[in-house]
There are 2 protein chains.
Amino acid sequence: MVQRTEEAARELESLRTFLRDKEIALNERLPPERELCEELGLSRGKLRKALAQLESEGQIWRHVGRGTFFGPRPVLNLGEVEFLCEKCRPTEVIEARMAMEPQMAKLAALHGTAANFTEMRRCIRLCRSAKDWRVYESWDNNFHQAIAAATCNKLLISLFETLNTVRRSTVWGQLRATRLPPKDHQSFAEHDDIYAAIVDRDAERAAEAMRTHLKSVRDRSYAPLFS
Amino acid sequence: MVQRTEEAARELESLRTFLRDKEIALNERLPPERELCEELGLSRGKLRKALAQLESEGQIWRHVGRGTFFGPRPVLNLGEVEFLCEKCRPTEVIEARMAMEPQMAKLAALHGTAANFTEMRRCIRLCRSAKDWRVYESWDNNFHQAIAAATCNKLLISLFETLNTVRRSTVWGQLRATRLPPKDHQSFAEHDDIYAAIVDRDAERAAEAMRTHLKSVRDRSYAPLFS
DNA sequence: GCCTGAACCATTTCGACATTGGTCAAAACA
DNA sequence: TGTTTTGACCAATGTCGAAATGGTTCAGGC
């Protein structure tokens with residue numbers, strides 16, 4: 001039994017080193033499974049197990065007929081989002097978030113289920129334990145997405161996914177340029193406040209906590225521009 | 001000169017009667033220009049002039065490589081919107097509107113330009129003068145879209161277009177079933193209030209007026225269900 | 001019992017070709 | 001001379017079939 005898990009771990013590691021060495025870019029498609037089998041000297045079954053592990057970690061995503069891709073799964077059709085990304089100034093993104101997210105926090109406090117709260121806790125926990133700014137960003141994203149899910153309103157969820165995708169692309173562009181520090185203790189406390197208000201079913205407090213958080217994010221993001 | 005305009009008018013009328021007699025459905029593609037030329041016995045130039053007139057009236061829309069279509073131009077990719085229309089309950093649509101539109105009214109009060117205000121006035125005027133519930137709905141839509149445009153935030157505008165398209169489809173379904181009266185004096189006054197607050201640059205009052213309007217719409221739409 | 005390899009499936013991508021609205025210039029017409 | 005028609009061309013889109021891809025199943029082998 002130990003033999004088997006050890007072997008699986010080695011296969012997983014060989015896949016990870018492949019991604020690192022080949023310097024696969026974000027959203028880039030990696031070779032089809034059948035080619036990767038030969039390249040890594042694995043059977044397709046073994047390879048698929050390793051890929052499944054990476055997928056569960058959110059490192060890659062797969063789609064029948066399209067391929068396997070590096071990075072988080074895009075939630076929406078890329079065409080429109082690319083269009084929006086090009087046309088939007090970063091200030092527009094934060095303005096849109098400040099318009100939408102406090103209202104969604106309200107609805108999350110009103111309609112959220114226990115499962116939604118569990119997911120929020122998970123995101124907060126993994127946000128805190130992130131050793132890398134990239135992983136932190138990912139779980140921060142998931143936290144806000146979890147709040148959207150808690151509204152139990154499919155239309156709002158879909159709208160927020162679009163907003164979030166645009167946000168992610170612009171933020172990532174910023175991060176690559178400015179190399180922000182990966183850990184941000186202020187955001188941790190603010191996330192806690194938002195979560196507490198939602199679980200308490202206190203809609204107004206949830207909206208206010210979200211507003212405070214977004215203001216804080218905005219000031220931190222754009223303060224360097226004026227200093 | 002009179003001869004020529006008379007002739008153009010006759011060609012335009014023959015095209016209108018064609019649309020009526022063939023009972024072209026909403027969003028249906030009508031025959032390509034080259035076929036229509038033969039069918040109506042017009043040269044392509046004449047036909048295109050008549051088509052341009054209908055397009056300027058908003059009756060049809062055209063796109064290179066796709067064709068000419070009956071009805072208002074869809075503002076977004078239909079695939080996602082159709083998906084959302086099927087999956088959304090009407091209560092979700094009004095909930096999403098109550099979350100987004102008051103915030104957008106705020107931003108419209110802050111960032112709106114004179115051109116935006118002129119467009120809002122036009123929509124309000126044409127809303128009042130509408131003799132048909134279908135036309136009324138159309139200009140009501142345009143009014144809310146004008147408010148979105150006044151935020152000067154391309155991302156929010158795009159998000160609202162999606163919301164508005166979903167709303168339109170569900171509202172149209174309702175209307176066809178329940179045959180609501182086309183004129184609604186309460187909405188007229190509410191539109192005026194929203195417009196006045198935005199022009200006064202009073203963000204909070206604009207949001208409150210929008211909230212009042214949406215509550216009123218919600219109560220009128222769903223009151224019949226509980227009576 | 002488990003792994004392997006191959007085959008098969010549903011979905012998607014890609015390329016070649018036909019179609020369509022937009023445009024222009026020469027021909028035909030008045 | 002001025003206008004309209006006609007045909008041709010262009011860029012963008014739809015169409016359709018072949019190839020590619022992830023997901024699944026199953027017989028064969030260790």
Side-chain angles (χ1 to χ4, degrees), chain A residues 1-12 14-15 18-19 24 27-56 58-71 73-74 76-80 82-83, chain B residues 1-12 14-15 18-19 24 27-56 58-71 73-74 76-80 82-83:
Chain A
M1 196 60 174
V2 177
Q3 194 81 5
R4 217 167 283 147
T5 57
E6 251 181 28
E7 197 176 339
R10 213 177 325 128
E11 288 149 0
L12 184 58
S14 80
L15 183 54
F18 171 85
L19 291 178
I24 307 287
N27 299 323
E28 184 182 340
R29 208 192 79 177
L30 43 97
E33 293 182 353
R34 292 164 178 82
E35 283 185 23
L36 265 181
C37 293
E38 291 189 23
E39 190 148 2
L40 298 181
L42 297 177
S43 74
R44 201 168 160 218
K46 296 281 188 189
L47 173 66
R48 283 181 56 74
K49 275 185 185 171
L51 286 172
Q53 174 62 25
L54 255 61
E55 186 177 29
S56 76
Q59 303 262 3
I60 61 169
W61 62 279
R62 303 183 277 184
H63 194 102
V64 183
R66 300 177 67 180
T68 306
F69 299 84
F70 185 63
R73 178 188 300 271
L76 215 56
N77 48 338
L78 276 183
E80 185 197 355
E82 279 175 8
F83 172 78
Chain B
M1 197 58 177
V2 177
Q3 195 80 6
R4 216 167 285 149
T5 57
E6 252 181 26
E7 198 177 338
R10 212 177 325 127
E11 289 149 358
L12 183 59
S14 80
L15 182 53
F18 170 86
L19 291 177
I24 307 288
N27 298 325
E28 184 181 339
R29 207 192 80 177
L30 42 96
E33 294 182 352
R34 293 164 177 82
E35 284 184 23
L36 266 181
C37 293
E38 290 189 22
E39 192 150 1
L40 299 180
L42 298 176
S43 75
R44 200 168 162 218
K46 296 283 190 187
L47 173 67
R48 283 181 55 76
K49 276 185 184 171
L51 286 173
Q53 174 62 26
L54 255 60
E55 187 178 30
S56 75
Q59 302 263 359
I60 62 169
W61 62 279
R62 302 183 277 182
H63 196 101
V64 183
R66 300 177 65 179
T68 307
F69 298 83
F70 185 63
R73 179 187 299 272
L76 215 57
N77 49 341
L78 277 183
E80 185 198 357
E82 278 175 8
F83 172 77

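So you know, we letter chains A, B, ... as the sequences are listed, proteins then strands, and number each from 1.
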Nearest whole angstrom, please: distance from the [atom2] of [N] to the [atom1] of [X].
X	N	atom1	atom2	value
A/E38	C/dT4	CD	C1'	15 Å
A/L42	C/dC3	CG	P	13 Å
B/F70	C/dG21	CZ	P	16 Å
A/L47	C/dT4	CG	P	11 Å

Could you tell me which non-hydrogen atom of B/I60 sits nearest to which non-hydrogen atom of B/L51, and how far apart they are?
-> CD1-O, 3.5 Å

Please report the closest heavy-atom contact between B/R44 and B/C37, naming both atoms and the distance.
-> CA-SG, 3.4 Å

Heavy-atom side-chain contact between [X] and [Y] under 4.5 Å:
X	Y	value
A/Q53	A/Q59	no
B/L12	B/L54	yes
B/F18	B/L36	yes
B/F69	B/E28	no

Terminal axis angle for the helix from C/dG1-D/dC30 to C/dA30-D/dT1, five pairs an end, nearest 10 degrees | 10°

In Å and rounded to the nearest 0.5 Å, what is the CZ to CZ distance from B/R29 to B/F70?
-> 16.0 Å

Per-nucleotide protein contact along nucleotides 14-30 of chain D, 5' to 3', at a 4.0 Å heavy-atom cut-off (B base, S sugar-phosphate only, - neither), is S------BBBB------

Start with the C-alpha gap between A/K49 and A/E11, add the side-chain angles, then the distance that decides, and say whether salt bridge (Lys or Arg N to Asp or Glu O under 4.0 Å) holds.
-> CA-CA 9 Å; A/K49 275 185 185 171; A/E11 288 149 0; over 6 Å; no

